[in-house]
2 protein chains.
Amino acid sequence: MSSDSDLTARARIRDAAIALFTERGIAGATIRDIAQAAGVSSGLLRHHFGSKEGLRDACDEFALARIAQVQTRFVGSQMLGPIPPDVLPLQQYLVRALMDGSPRSTEMFRRAVDQGEHLLGDLKVETGDLRAFVAVVGAMKMGMFLMRDQLSAVLGEDVGVPPGYLRILRASIEIFRQPLLTPEQADQAMRALDRISLHEGERP
Amino acid sequence: MSSDSDLTARARIRDAAIALFTERGIAGATIRDIAQAAGVSSGLLRHHFGSKEGLRDACDEFALARIAQVQTRFVGSQMLGPIPPDVLPLQQYLVRALMDGSPRSTEMFRRAVDQGEHLLGDLKVETGDLRAFVAVVGAMKMGMFLMRDQLSAVLGEDVGVPPGYLRILRASIEIFRQPLLTPEQADQAMRALDRISLHEGERP
DNA sequence: ATGGGGGCTACACGTGCGTGTAGTAGCCTA
DNA sequence: TAGGCTACTACACGCACGTGTAGCCCCCAT
């Protein structure tokens with residue numbers, strides 16, 4: 001907050017937009033509020049980005065570029081080192097933008113699934129539908145971000161910033177470290193789904 | 001669709017509202033659109049529900065009651081029998097309403113976490129933070145619903161209705177049946193998080 | 001010094017929103 | 001048959017939104 005005034009107005013607008021888009025969704029954040037948060041007139045926003053859609057596009061592009069930048073830095077060493085603190089809000093923004101139907105991030109999600117499909121193809125996951133497997137894992141991870149407010153309410157601290165954020169990250173690691181269903185439970189559930197499929201098929 | 005006209009106008013408004021709220025979010029769906037979808041004037045909507053917030057409340061109440069009804073029917077037999085086809089849209093609505101900050105469903109989420117905490121307390125999950133564990137699992141499941149459009153785009157079929165819906169359900173069972181991280185990977189990730197926590201602590 | 005262009009503001013425009021008001025048709029009760 | 005209540009419609013109000021326009025200031029190249 002202290003060095004906000006050091007940034008160019010364009011950057012301040014972009015940062016404010018990312019924050020408000022994340023917090024209220026694309027439709028929920030207004031141009032006027034973003035301009036006020038950035039300390040500029042709403043006209044300037046239009047001057048720099050043309051329209052709300054243009055601003056959103058610029059935010060998408062910025063976030064994707066920044067994340068790609070830190071991503072590739074650690075592409076060799078499996079687990080990444082200290083994550084720069086500025087990327088967390090960007091991740092949260094991208095997830096929210098994705099859910100709100102940004103074309104750019106939809107494309108990004110598709111690429112991530114494609115990539116994950118190839119990556120996991122070599123590993124030993126047991127699945128009859130690798131693409132759905134990868135896509136659903138992605139959707140689940142994003143659920144953590146999308147339910148930020150509710151998780152924060154239930155856990156008693158803001159899970160969008162480090163102390164609480166680390167807490168849910170730890171929980172997610174614990175979740176993925178162990179099977180949550182026994183083979184018997186899983187088989188039973190699968191059979192229940194098969195039964196539904198059959199009933200679906202015989203109806204029309 | 002055929003028997004829509006058999007329902008009372010009030011019920012048709014409620015159903016249309018649930019559909020549009022789910023599809024576009026609470027803020028994104030307008031009273032006028034809902035009224036048109038229900039085939040009534042927007043004034044009638046106001047007459048029956050008082051305000052948009054009142055309509056939303058009625059939708060929450062209806063969905064929660066209906067789901068509680070089928071939930072308790074199968075409380076004894078672990079895995080439930082055939083799920084009535086009308087509850088799937090209601091689940092999707094509740095998740096969306098929850099993310100959009102409905103007070104009623106926030107309370108429901110809290111209760112679900114409380115209950116899950118007690119339920120899993122007896123089971124043998126390995127976690128140092130049971131409440132976060134339960135809450136994050138819940139958030140992850142909801143991610144599947146929230147990312148409906150993106151999952152549908154990536155998988156090439158609508159995952160909000162049975163053929164595609166069963167596909168992602170199967171995937172989620174596969175995901176929870178097996179560990180996705182080896183103990184070594186999990187420990188490594190945990191240590192990485194610990195390191196971040198320490199760095200957080202020394203900064204201020 | 002001067003002219004021009006980019007950063008920036010102020011303000012007006014049209015639209016669609018949730019809401020408010022007035023009034024009508026039809027049924028049930030007395 | 002008169003009265004009133006409920007379901008329902010038409011329409012206007014005020015507001016906030018995204019957008020459009022006109023113009024100011026200041027820096028910098030000529």
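Lettering of chains follows the sequences in order, A, B, ..., and the numbering in each one begins at 1.
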Sugar-phosphate, base or nothing in reach of A:A27, heavy atoms under 4.0 Å: nothing
To the nearest Å, how far apart are [X] [atom1] and [N] [atom2]?
X	N	atom1	atom2	value
B:K52	C:dG16	NZ	P	16 Å
A:R10	C:dG7	CZ	C1'	12 Å
A:I26	D:dC17	CD1	P	16 Å
A:R24	D:dA16	CZ	C1'	13 Å
A:Q36	C:dT9	CD	C1'	15 Å
A:R56	D:dG18	CZ	C1'	15 Å
B:L7	D:dA7	CG	P	16 Å
A:I13	C:dG6	CD1	C1'	14 Å

When rounded to the nearest 0.5 angstrom, what distance separates CG in A:L94 from CE in A:M108? 5.5 Å
I need the A:S172 OG to A:M140 CE distance, nearest 0.5 Å. 12.5 Å
Identify whether the distance between the nearest side-chain nitrogen and carboxylate oxygen of B:D129 and A:R170 falls below 4.0 Å. no
Take A:L44 and A:R32, find for each the nucleotide of DNA chain C with the closest heavy atom, and name the residue whose nucleotide sits nearer the 5' end. A:L44
When you compare the side chains of A:T22 and A:Q92, does any donor N or O come within less than 3.5 Å of an acceptor on the partner? no
Just N and O in the side chain of [X]: are any of them under 4.0 Å from OP1 or OP2 of [N]?
X	N	answer
B:H47	D:dA7	yes
B:T30	C:dC17	yes
B:H48	D:dC8	yes

List, with names and distances, any nitrogen or oxygen atoms from the protein found under 3.5 Å away from nitrogen or oxygen atoms belonging to nucleotides 21-27 of chain C.
none

Given C:dT19, D:dA7, C:dT9, the nucleotide with the shortest approach to the side chain of B:S51: C:dT19
For the side chain of A:S41, counting heavy atoms from C-beta on, which of C:dC8, D:dT19, C:dT19 is nearest? C:dC8
Testing A:V95, A:D100, A:L98 one by one against A:S105 for a side chain to side chain contact (heavy atoms under 4.5 Å, CB included), which residue passes? A:L98
The criterion is salt bridge (Lys or Arg N to Asp or Glu O under 4.0 Å); which residues satisfy it with B:R111, sequence neighbours excluded? B:E107
Would B:R14 pass as a cation-pi partner of B:F62, given that its NZ or CZ must be under 6.0 Å from the six-membered ring centre and within 45 degrees of the axis? yes
